[in-house]
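Read through the structure below, which is laid out as structure tokens, and then see the notes.
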Protein chains: 2
Amino acid sequence: MVDDERANRIFRALADTTRRDIVRRTLTAEASISELAGEYDMSFAAVQKHVAVLEAAELVARTPRGRERIIRGNPETIRHARELLGAFEQLWRARIDRLDAFLAEPDPN
Amino acid sequence: MVDDERANRIFRALADTTRRDIVRRTLTAEASISELAGEYDMSFAAVQKHVAVLEAAELVARTPRGRERIIRGNPETIRHARELLGAFEQLWRARIDRLDAFLAEPDPN
DNA sequence: CATTTGTGCAACCATTTGGTTGTACGTTAC
DNA sequence: GTAACGTACAACCAAATGGTTGCACAAATG
């Protein structure tokens, strides 16, 4: 339930081109919000909101430095998301394994 | 641009607890829409819409069988999503590598 | 044939999302 | 001290989302 909400926030945050780009940039090099805002064709406030969504999902961390806020991508959360998907693939593999076992089963007749 | 739209659809589709559960179930064992609808406390039409979102993201395939539609989870798309996240992690690793190289660099003075 | 079952789809509604502008406020720079 | 910069936040708006009910229709069942 709690974990579900977290997964919802993470995937929701990743479901936007601008936000994925912000994560990419800040994973490569930290940046202030206004630096980020300069990269996109939208208002400062809009970029600020995208950063807030990413921060709520813990995909990004925001730390003050003087009058600006430095944004850094958080590889931990990316990793967590990847593990969630890995668990899905595992379910599928388990199904294949059951199917294989069934096909290998000797015919009882 | 086209690829971005696809990523948007995939992550958006995964950003909902019910939809992730449908993917889990149909990855484990195929099911009809009404079978799925029976599992959740919402209308048939609501579940139908969730399946449509998943199908548009190619997280699920819908094939007719008699009067019912059989839903199967699509492991290929899960894998694709995981690879997208893997690319993000790779960016981060590249940054660490650059940092290591910088620290290892002999002081020119 | 009549009924039930499974699906598709439209219309509607409340809430959320993604954008805008405007204002306020702390921090640097002159 | 004043001006410029970086941020925060509120109010507003259009569009998308996630749900509902109702109706139509094709396939299985009596």
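Labels below follow one simple rule: chain letters A, B, ... track the order of the sequence lines, proteins then strands, and each chain is numbered from 1.
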Does B/R9 have a side-chain nitrogen or oxygen under 4.0 Å from the phosphate oxygens OP1 or OP2 of D/dT17?
-> no
Taking atom P of D/dG19 as reference, at what distance in whole Å does atom CE of B/M42 sit?
-> 5 Å
Salt-bridged, A/R93 to A/D97, with N to O below 4.0 Å?
-> no
Does a salt bridge link B/E58 with B/R9, judged by any charged N lying under 4.0 Å from a carboxylate O?
-> no
Grab the CG-P distance between B/D16 and D/dA16 for me, whole Å please.
-> 19 Å
List the steps, then state whether side-chain hydrogen bond (donor to acceptor under 3.5 Å, both in side chains) holds for A/R72 with A/T63.
-> CA-CA 8 Å; A/R72 289 186 189 79; A/T63 52; 2.9 Å; yes
Please list residues of residues 20-39 of chain B whose heavy atoms come under 4.0 Å from any atom in DNA chain C, ordered by number; otherwise none.
-> B/S32, B/I33, B/S34
5'-most by nearest nucleotide on DNA chain C - B/I70 or A/T18 | B/I70
Residues A/R65 and A/E30 bridged, charged N to O under 4.0 Å = yes
A/R19 vs C/dT17: side-chain N/O to OP1/OP2 distance below 4.0 Å | no
Check: B/F11 and B/L84 side chains under 4.5 Å, non-hydrogen atoms = yes
Starting from C1' on D/dA16, measure out to CZ on B/R12 and report it in whole angstrom.
-> 9 Å
Test side-chain contact (heavy atoms from CB on, under 4.5 Å) on B/I71 and B/E35 and set out the steps.
-> CA-CA 10 Å; B/I71 310 301; B/E35 278 171 344; over 6 Å; no
side-chain hydrogen bond (donor to acceptor under 3.5 Å, both in side chains) assessment of B/T77 paired with B/N74 | CA-CA 6 Å; B/T77 303; B/N74 181 2; 3.3 Å; yes
Once you round it to whole Å, what is the distance between C1' of D/dA16 and CZ of B/F11?
-> 20 Å
In whole Å, what is the span from the CG atom of B/N8 to the P atom of D/dT17?
-> 10 Å
What is the distance, rounded to the nearest whole Å, between atom NZ of B/K49 and atom P of C/dC12?
-> 13 Å
Atom pair distance, as rounded to whole Å: NE2 in B/H50 and C1' in D/dT17 | 10 Å
How does protein reach along nucleotides 21-30 of chain C, written 5' to 3' as B (base within reach of a heavy atom under 4.0 Å), S (only sugar-phosphate), or - (no contact)?
-> B-----BB--
So, is A/R62 near the phosphate of D/dA8, with a side-chain N or O under 4.0 Å from OP1 or OP2?
-> yes
Are there more than 12 heavy atoms of other residues, nucleotides or ligands under 6.0 Å from atom CD of A/Q90?
-> yes
Check: A/R25 and A/T28 side chains under 4.5 Å, non-hydrogen atoms = no
Within the pair B/Q48 and C/dG8, is there a side-chain N or O less than 4.0 Å away from OP1 or OP2?
-> yes
Using a cut-off of strictly less than 4.0 Å, decide whether A/R69 has a side-chain nitrogen or oxygen near OP1 or OP2 of D/dA8.
-> yes
Integer-rounded Å distance: D/dT20 C1' and B/D41 CG = 13 Å
